[in-house]
*Asks:* 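I have a structure I would like to understand better, so I am pasting it below and will then ask my questions one at a time.
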Number of protein chains: 2
Amino acid sequence: MNPKTGLLEPLESLSMTDRVENILREYFTENAFKPGDALPNEMEIAQKLNVSRNVVREALSRLRMLGMIEARPRRGMIMAQPDLLAGIEKVLNPFILSKSNQNDIFELRLILEMGIAEFLFARKTPKDLDELEAIVEKQKGLPVLSKEDEIEFHGKLYDMTGNETFQRFQSLLFPVFEHVFATMVTTTEHAAPANPVSHYDLFKILKDGTPEEFRKAMHIHLSVYYNTIRR
Amino acid sequence: MNPKTGLLEPLESLSMTDRVENILREYFTENAFKPGDALPNEMEIAQKLNVSRNVVREALSRLRMLGMIEARPRRGMIMAQPDLLAGIEKVLNPFILSKSNQNDIFELRLILEMGIAEFLFARKTPKDLDELEAIVEKQKGLPVLSKEDEIEFHGKLYDMTGNETFQRFQSLLFPVFEHVFATMVTTTEHAAPANPVSHYDLFKILKDGTPEEFRKAMHIHLSVYYNTIRR
DNA sequence: CTATTATATTTGTAGGACAAATAAAAAGAT
DNA sequence: ATCTTTTTATTTGTCCTACAAATATAATAG
């Protein structure tokens with residue numbers, strides 16, 4: 001109820017499980033729990049919050065899924081390092097996502113691909129470049145690149161960013177990306193022309209050029225995807 | 001047990017809850033459930049899988065948290081549109097994340113910021129530009145920009161991408177980003193010099209320039225952050 | 001036909017029991 | 001005294017039963 005405007009607003013209707021989950025997450029922060037720290041056991045929590053152990057277990061099950069806690073007989077529960085991508089990993093399924101969400105994911109993957117240049121240049125090593133070179137040399141003679149070829153090259157780039165979360169996230173997005181693009185191709189195009197900027201070109205720029213040149217080239221490399229962008 | 005090498009490998013030790021969760025997610029995909037479709041009720045699932053109703057509820061609680069299912073008395077459960085970011089939202093807390101994860105998030109936000117140019121140019125409207133202009137005009141006279149000023153400008157950019165998932169994700173990343181940068185600044189710098197590329201500059205390029213010019217300018221605008229990148 | 005009331009159904013919560021899997025303590029061997 | 005093995009205690013994991021709460025559906029009244 002907003003007294004100023006007189007509008008009726010929906011009452012909050014969180015289940016006990018939702019509320020226990022929220023309380024526990026706040027509790028972890030307020031008490032500065034670190035991975036390895038012992039947590040109160042289920043019965044203590046249930047008694048402190050005056051709810052049944054079942055409700056506590058339902059809430060804890062969620063936190064367990066996020067990797068935030070681990071549980072052992074006798075020892076009880078301990079804090080763990082959450083898995084940033086545990087949640088999204090379980091919903092990145094093109095068959096259950098809306099078209100709108102799928103398109104967002106498709107674009108998000110392009111956004112991420114365009115944004116990594118600085119990190120590639122900051123962190124490339126001679127070893128990395130050798131390995132990338134081996135990949136592009138192997139691909140040079142192929143008339144058309146397979147999905148696996150694409151994954152191999154771009155996957156190596158992701159590794160080279162030195163950002164594990166990025167690498168994993170970008171890889172998780174691929175099935176939805178591919179799915180979205182597959183539905184587009186069916187309706188709009190028959191054959192993909194040779195890419196004006198090849199993997200080899202990108203490799204050469206990464207080896208001897210600048211982040212800016214890399215971004216320019218990557219945009220062209222990805223033009224088949226960028227051409228699908230709706231206004 | 002790998003018979004070739006004789007190495008012992010850990011046995012899989014999923015709880016029943018983990019297994020029920022996995023089974024349910026597969027079941028949703030295999031049966032092409034769409035938002036609004038009725039699902040089997042808890043007792044049916046428990047009987048079909050030969051587990052207790054509690055275990056089913058613990059698994060469903062997780063799916064509920066991800067927004068994948070909704071439950072009503074008598075009607076039962078229905079499929080819902082999952083919330084892509086429900087999981088990560090609950091763990092994007094700088095106080096429980098490792099330094100390594102925090103740094104990954106800091107960088108991920110920079111990657112995303114650098115990648116949105118094409119979408120801004122594809123989707124900018126005269127109305128958007130007017131609104132963005134109003135923001136930069138308001139900020140022009142300020143000697144130093146506050147956090148809120150930064151959020152206002154960049155937030156408008158995120159809106160302009162027309163990608164709701166991106167907008168929300170980038171916003172969710174901000175507290176960790178800010179936290180990481182705050183720990184860096186304390187140890188390395190005292191005062192931030194005026195930005196060589198202002199919000200106004202970015203606005204002008206967005207209005208009259210090219211995506212490439214925008215990316216170049218954004219990189220300079222973000223140089224205070226990019227200068228912190230470890231090799 | 002529409003509105004109201006009653007009923008049926010399923011989820012949400014509670015409490016109890018015991019199996020399973022350790023972690024910790026105790027006992028035994030060197 | 002230290003190390004290894006066995007025993008015990010503790011907590012989680014799973015199961016069961018019961019009933020309250022909140023609808024969704026069916027029945028009744030106007």
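A, B, ... follow the sequence lines: proteins, then strands. Residue 1 opens every chain. What's counted below: heavy atoms across the whole structure, side chains too, no hydrogens, waters or symmetry copies.
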*Asks:* Grab the CD-C1' distance between B/Glu70 and D/dA24 for me, whole Å please.
*Replies:* 16 Å
*Asks:* Near DNA chain D, counting only heavy atoms under 4.0 Å, which residues of residues 21-37 of chain B show up?
*Replies:* none
*Asks:* Mapping B/Arg72 and B/Val55 onto DNA chain D by nearest heavy atom, which one lands closer to the 5' end?
*Replies:* B/Val55
*Asks:* At less than 4.0 Å, is any side-chain N or O atom of B/Ser52 found next to OP1 or OP2 of D/dT14? Yes or no.
*Replies:* no
*Asks:* Within this structure, what is the NZ-CE distance for the pair B/Lys90 and A/Met65, rounded to the nearest 0.5 Å?
*Replies:* 9.5 Å
*Asks:* Side-chain atoms of residues 70-77 of chain B: list all donor-acceptor pairs with protein atoms under 3.5 Å, sequence neighbours left out, distances to 0.1 Å.
*Replies:*
none

*Asks:* Please find the pair of heavy atoms, one from B/Asn163 and one from A/Leu108, that lie closest to each other, and give the distance.
*Replies:* ND2-N, 4.1 Å
*Asks:* Want to settle it: does A/Ser15 or B/Gly76 sit nearer the 5' end of DNA chain C, counting the closest nucleotide to each?
*Replies:* B/Gly76
*Asks:* In whole angstrom, give the distance that lies between atom CD1 of B/Ile45 and atom C1' of C/dT11.
*Replies:* 12 Å
*Asks:* If the plane angle is over 60° it's perpendicular, under 30° parallel, otherwise tilted; pick one for B/Phe95 and B/His179.
*Replies:* perpendicular
*Asks:* If I compare all heavy atoms of B/Pro35 with all of B/Gln81, which pair ends up nearest, and what's the gap?
*Replies:* CG-NE2, 3.5 Å
*Asks:* If I take atom CE in residue A/Met43 and atom P in nucleotide D/dG13, what distance separates them, rounded to the nearest angstrom?
*Replies:* 15 Å
*Asks:* Can you check the B/Glu58 CD to D/dG13 P distance for me, whole Å?
*Replies:* 8 Å
*Asks:* Sort me out a list of protein N/O and nucleotides 5-9 of chain D N/O pairs below 3.5 Å, or just none if empty.
*Replies:*
unit_1, atom_1, unit_2, atom_2, d
D/dA9, N3, A/Arg74, NE, 2.9

*Asks:* Look at B/Arg57 and C/dG12 and indicate whether a side-chain polar atom (N or O) is within less than 4.0 Å of OP1 or OP2.
*Replies:* yes
*Asks:* Evaluate A/Tyr27 against A/Phe33 for ring pair (Phe, Tyr, Trp, His ring centres under 6.0 Å), listing each step before the verdict.
*Replies:* CA-CA 9 Å; A/Tyr27 174 71; A/Phe33 280 105; 5.4 Å; yes
*Asks:* Spell out yes or no: do the side chain of B/Asn54 and the base of D/dG13 have one donor N/O and one acceptor N/O closer than 3.5 Å?
*Replies:* no
*Asks:* By nearest atom, which of the nucleotides D/dT11, C/dT10, D/dG13 is closest to the A/Asn41 side chain?
*Replies:* D/dT11
*Asks:* Between D/dT12, C/dT13, C/dG12, which one does the side chain of A/Met16 approach most closely?
*Replies:* C/dT13
*Asks:* Check whether B/Asn101 reaches the backbone of B/Leu97 with its side chain - one donor and one acceptor, N or O, closer than 3.5 Å.
*Replies:* no
*Asks:* Of all heavy-atom pairs between B/Asp149 and B/His199, which one has the smallest distance, and what is that distance?
*Replies:* O-CE1, 4.2 Å
*Asks:* Would you kindly give the CD-to-P distance between A/Glu42 and C/dG15, to the nearest whole Å?
*Replies:* 15 Å
*Asks:* Taking the side chain of A/Arg53 as its heavy atoms from C-beta onward, which of C/dG12, D/dT11, D/dG13 lies nearest to it?
*Replies:* D/dG13
*Asks:* For A/Met77 and D/dG13, what is the distance between atoms CE and C1' respectively, to the nearest whole Å?
*Replies:* 13 Å
*Asks:* Counting side-chain heavy atoms from C-beta on, which of C/dG12, C/dA23, D/dT11 comes nearest to A/Arg75?
*Replies:* C/dA23
*Asks:* Report the relative orientation of the aromatic rings in B/Tyr158 and B/His154; use parallel for angles under 30°, tilted for 30 to 60°, perpendicular for over 60°.
*Replies:* tilted
*Asks:* More than 12 heavy atoms of other residues, nucleotides or ligands under 6.0 Å from CD of B/Glu164: yes or no?
*Replies:* no
*Asks:* Atom CG of A/Asp18 and atom P of C/dT11: how far apart are they, to the nearest Å?
*Replies:* 16 Å
*Asks:* Would you mind reading off the distance between A/Ile69 atom CD1 and D/dT11 atom C1', rounded to a whole angstrom?
*Replies:* 13 Å
*Asks:* Return no unless some side-chain N or O of B/Thr17 is found under 4.0 Å from OP1 or OP2 of D/dT14.
*Replies:* yes
